[in-house]
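In this text, all values refer to a predicted model and were calculated from it rather than measured experimentally.
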Amino acid sequence: MNWLKKITFAGLHQRFGAFKLWILTLITLLIISQIAYRIGNFYQGHQEKIIVTQNERLDRLYRLNEEQQSKINILNVELEIERLANQDAMENLDELEKQQYELKKQLAFYEKIMAPEKQAQGFVIDEVSVTPSASDNHYRLKVVLVQQLKSKRFASGHIEVEFVGSLNNRPATIKLANVSDLDSKKRGFNFRYFQVIEGDFNLPEGFVPEKIEVAAILPAKGQQKYRRLQESYPWPEEESSLGN
């Protein structure tokens, strides 16, 4: 390679002359340009092939992503339909259970009237319910009394109701007659098969009820003998039927 070190522009100019040197330089530049152009075209073609390949790969990935997203959407719709179907089924099941419970209550109620052999007593307190209203400490009381068919006489008397609990952290008992417009006449009953006694009452502020004492008193008069039937029920946490 020492011969390359000896080549100088002045030496070439002296050897070939200015015109020939200019021609040689031009030819050299043309050759270099052509080689660079071909090399550039080769790399450009190679890069274009790589870009085309990458674009095709991206297109496949986009299509695959769209297909997967479509499957996910379909699965989400199916899942939501299944959830709604299960929700409807649960609601229908709850409704059927409520209907069955009500039918059992009605059956038990009429059994007490029509099938006296299934009950030890001819007169019973069948149901006691307390329903809270929208107003504070205001409730509605419902008492259902039943007499079975084995008794051909009318049952006559009245009920007494007491609320047992605490007032300002002290034991207290409040009578229904003192917190309601249900006087002795409205609390009275006279029936052969069944009777419903209803009315509103207000408990004093600070009173916390714990249980309800219900008594049905049938005084001795005529052929009716004195009887007193008393039942105790826990205070319901929410609207509830307290009967048997």
Side-chain angles (χ1 to χ4, degrees), residues 53-121 124-149 159 161 163-166 176 180 182 191 193-203 205 207-214 216 231-244:
T53 302
Q54 293 296 330
N55 286 335
E56 291 176 350
R57 184 181 179 186
L58 284 175
D59 289 340
R60 288 195 300 270
L61 290 175
Y62 283 137
R63 287 194 298 270
L64 180 60
N65 181 66
E66 290 177 356
E67 292 174 358
Q68 296 299 323
Q69 188 63 42
S70 178
K71 291 180 180 179
I72 291 174
N73 292 336
I74 293 173
L75 290 175
N76 286 334
V77 171
E78 292 177 349
L79 181 62
E80 181 64 16
I81 293 173
E82 187 68 21
R83 187 188 68 80
L84 292 175
N86 289 336
Q87 182 178 345
D88 290 341
M90 292 300 297
E91 291 176 355
N92 291 335
L93 182 60
D94 291 341
E95 185 63 27
L96 288 174
E97 288 179 349
K98 290 179 181 178
Q99 292 177 5
Q100 184 180 25
Y101 173 72
E102 290 298 325
L103 288 174
K104 286 182 177 180
K105 281 182 60 179
Q106 294 177 16
L107 178 61
F109 176 78
Y110 286 109
E111 275 185 347
K112 291 174 183 178
I113 298 175
M114 304 303 295
E117 67 278 2
K118 295 186 178 181
Q119 297 290 330
Q121 298 178 344
V124 293
I125 300 174
D126 179 72
E127 179 184 339
V128 175
S129 65
V130 172
T131 306
S133 70
S135 302
D136 293 337
N137 302 319
H138 183 79
Y139 303 88
R140 184 163 186 82
L141 175 70
K142 176 182 176 182
V143 178
V144 180
L145 306 173
V146 172
Q147 182 174 237
Q148 297 166 347
L149 280 179
I159 64 169
V161 180
F163 306 107
V164 181
S166 60
L176 175 66
S180 170
L182 285 171
F191 66 95
Y193 300 122
F194 69 92
Q195 184 170 331
V196 178
I197 299 175
E198 294 181 285
D200 297 334
F201 65 94
N202 292 278
L203 294 178
E205 186 175 355
F207 180 75
V208 180
E210 297 175 2
K211 61 180 180 177
I212 307 171
E213 299 284 351
V214 181
E231 300 285 351
S232 180
Y233 306 93
W235 183 265
E237 294 183 0
E238 56 185 20
E239 179 181 343
S240 174
S241 175
L242 307 176
N244 298 328

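- At most 12 heavy atoms of other shown residues, nucleotides or ligands fall within 6.0 angstrom of atom CZ in R57.
- In this structure, OG on S129 lies 7.0 Å from CG on L141, to the nearest 0.5 angstrom.
- Within a 6.0 Å sphere centred on CD of E205, other residues, nucleotides and ligands contribute 12 heavy atoms or fewer.
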Pairs under 3.5 angstrom only: tabulate donor-acceptor contacts from the side chains of residues 194-201 to other protein residues two or more places apart or in another chain.
| from | atom 1 | to | atom 2 | distance (Å) |
| --- | --- | --- | --- | --- |
| Q195 | OE1 | N190 | N | 3.0 |
| Q195 | NE2 | G188 | O | 3.4 |
| D200 | OD1 | R140 | NH1 | 2.7 |

For the pair T131 and K142, evaluate side chain to side chain contact (heavy atoms under 4.5 Å, CB included) and give the outcome as yes or no after the intermediate values. CA-CA 8 Å; T131 306; K142 176 182 176 182; over 6 Å; no
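- Applying the ring-ring contact (aromatic ring centres under 6.0 Å, His included) criterion to F191, with sequence neighbours excluded, gives F123, F189.
- Atoms NZ and OH, from K211 and Y233 in turn, are 13.0 Å apart once rounded to the nearest 0.5 Å.
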Verdict with reasoning, I125 to I159, per side chain to side chain contact (heavy atoms under 4.5 Å, CB included): CA-CA 10 Å; I125 300 174; I159 64 169; over 6 Å; no
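- Taking both residues in full, the closest heavy atoms of L203 and W235 are given as CD1-CH2, 4.0 Å, listed atom of the first, atom of the second, then distance.
- A distance of 9.5 Å separates CG of N76 from CD of E78, quoted to the nearest 0.5 Å.
- Counting only heavy atoms from C-beta outward, the side chains of I212 and F163 approach each other to under 4.5 Å.
- Separation of atoms OG (S133) and OH (Y139) is listed at 8.5 Å; rounding is to 0.5 Å.
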Side-chain donor-acceptor distances from residues 61-75 under 3.5 Å, at least two apart:
| from | atom 1 | to | atom 2 | distance (Å) |
| --- | --- | --- | --- | --- |
| Q69 | NE2 | N73 | OD1 | 3.4 |
| N73 | ND2 | Q69 | O | 3.2 |

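- Taking 4.5 Å as the limit, every side-chain heavy atom of V161 sits out of range of all side-chain heavy atoms of V128.
- For the pair E213 and S232, the tightest heavy-atom approach, listed with the atom from each and the gap, is OE2-OG, 3.1 Å.
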